[in-house]
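Take a look at the structure set out below.
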Amino acid sequence: MARIIAKAALFGLLGLVVLPVVVFVGVLAFGYALDPSCGTPGASGGCEMGAAASAIASAIPGFMLFFLVSLLLSVRRRKKAQTPPQEPS
């Protein structure tokens, strides 16, 4: 069981890094697509700061999501491997 939790923690750390990057790029892409003033010289930088705030806010949920999905899949796989197949009647 400790190995499953360690593996889930590693996947959680992966989610801690990957999800904020994806959120940052996504929010920035939507901001540039929907607002033509984003990224222009002399702009206040609000689009970029909004993307950064969204990325920071998604770090902990990213860890939790990746951790829980990995944990549930590993436990399910372990339970499935331990139950013997039923004989046909």
d(Gln82 CD, Arg77 CZ) to nearest 0.5 Å is 13.0 Å

Yes or no on side chain to side chain contact (heavy atoms under 4.5 Å, CB included) for Leu72 and Arg76, after CA distance, side-chain angles and deciding distance?
-> CA-CA 6 Å; Leu72 291 175; Arg76 192 170 121 200; over 6 Å; no

Write down the atom of Phe66, the atom of Phe11, and the distance for their closest heavy-atom approach.
-> CB-O, 3.2 Å

Tyr32 OH: over 12 foreign heavy atoms closer than 6.0 Å | yes

Rounded distance [0.5 Å steps], NZ in Lys7 versus OG in Ser70 = 5.5 Å

Straight-line distance of Phe67 CZ to Ile5 CD1, nearest 0.5 Å = 6.0 Å

Under a 4.5 Å side-chain heavy-atom rule over Ile, Leu, Val, Met, Phe, Trp and Tyr, are Leu14 and Leu19 clustered together?
-> no

Euclidean distance, Leu68 CG relative to Leu73 CG, rounded to 0.5 Å | 10.5 Å

Within the side chain of Ser58, is there an N or O that forms a donor-acceptor pair under 3.5 Å with the backbone of Ala55?
-> yes

Atom CG of Leu28 and atom CD of Glu48: how far apart are they, to the nearest 0.5 Å?
-> 6.0 Å

To which residues is Met49 joined in a hydrophobic cluster, defined by side-chain heavy-atom contacts under 4.5 Å among Ile, Leu, Val, Met, Phe, Trp and Tyr, whether direct or through other members?
-> none

Sub-4.5 Å side-chain heavy-atom contact between Leu16 and Leu13 = yes

Search all heavy atoms of Asp35 against all heavy atoms of Cys47 and return the closest pair with its distance.
-> OD2-SG, 4.4 Å

Identify the heavy atoms of Ser74 and Ile4 that sit nearest to each other, and give their distance.
-> CB-CG2, 3.6 Å

